[in-house]
Engineer: 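Right, I'll just put the structure down here and ask away after.
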Amino acid sequence: MRLTILGSGTNVHPTRAAAGYLVQTDQTLLLDFGPRTLVNLIKTKTDRHRITHILFSHFHADHFSDFITFFFDAVYVSKFVGVRPDLTLIGPRGTRRLFGSILRTFPGFKTAPFRVRIREVADRSFSLGHTRIVPRTVLHSSRLHCLGYRIEYGGKVLAYSGDAQHCVNLVRLCRHADVAVLDCSFPANRPGPGHMHAGDCGKVAQEAGVTRLILSHLYPIAERYDVKRQAGRLFAGRTTVGRDLMTVVL
Ligand SMILES: [Zn+2]
Ligand SMILES: [Zn+2]
């Protein structure tokens, strides 16, 4: 399994794209598709037309807005250059309503020469080929259903928190993961609502017994502090501050 961070920041950040991750197993998947991640996806030289499944954690703009640009391009290319495979959009409650209305709003989308499937998931695992996906409801916003994802392939486990606070489901999601990519919006000494800070990330990683922790979803304020060291006070394993276009092979 190969993970490429397309975006390790948030909506507006001077140096990082917002949330987005390319995961390559026997499938080519995206986890979230926030602003500026499409440009980074193109930089990876991955054929974007081979992406068949996009998994969304929740619908704050920093996790999905580049989908619109991606989809316009996909329709255009498949009409005039070459047909792409069908596309499945997977996400929490609200996925059907959001993408249903986006697809209805733009007349050109209706004539896409490939199928678009929309699938809402909650706390039940499913498989795509040989890749097992475990979505879990996590605590982030009282107004939105929010998911983290656990991806299992070839005996390796990648856990992604989406946006989350420390909660039991998040620790379960990360249990014995080889790599856990966690929402480290804030430094431990400057916490904020709805997200984890570096200390929380260390705590989740330690409680779940993960092998490697990657801190991501950094707000600009997190850059001003040593978040790696702050997480390391609670987590004894390897900790890395995520960077755009960083690749990890599991
Ligand atoms: Zn959010
Ligand atoms: Zn976010």
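Small disclaimer: the values here were computed from a predicted structure and weren't measured. Note that ligands are numbered from 1 as they come in the structure, with each ligand's atoms numbered from 1 the same way.
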Engineer: Which N/O/S atom belongs to His217 and is the closest one to the Zn ion (ligand 2)?
Structural biologist: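 The closest N, O or S atom of His217 to the Zn ion (ligand 2) is NE2.
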Engineer: Backbone N or O of Arg93 within a donor-acceptor pair of the His145 side chain at under 3.5 Å?
Structural biologist: yes
Engineer: Can you give me every donor-acceptor pair (side chain of residues 229-238, partner residue at least two apart or in another chain, under 3.5 Å) with its distance?
Structural biologist:
{"unit_1": "Gln230", "atom_1": "OE1", "unit_2": "Ala188", "atom_2": "N", "d": "2.6"}
{"unit_1": "Gln230", "atom_1": "NE2", "unit_2": "Asn189", "atom_2": "OD1", "d": "2.9"}

Engineer: Check whether Asp183 reaches the backbone of Asp163 with its side chain - one donor and one acceptor, N or O, closer than 3.5 Å.
Structural biologist: no
Engineer: Any chance the rings of Phe99 and Phe33 have centres within less than 6.0 Å?
Structural biologist: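 Between Phe99 and Phe33, the centre distance exceeds or equals 6.0 Å.
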Engineer: Only one of Arg84, Arg48, Lys79 clears salt bridge (Lys or Arg N to Asp or Glu O under 4.0 Å) with Asp73; which?
Structural biologist: Arg48
Engineer: Any donor and acceptor pair, going by atom type alone, linking the side chain of His195 with main-chain N or O of Ser185 inside 3.5 Å?
Structural biologist: no
Engineer: Quick one: give me the number of protein N/O/S atoms under 2.8 Å from the Zn ion (ligand 1).
Structural biologist: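 Count of protein N, O, S atoms less than 2.8 Å from the Zn ion (ligand 1): 4.
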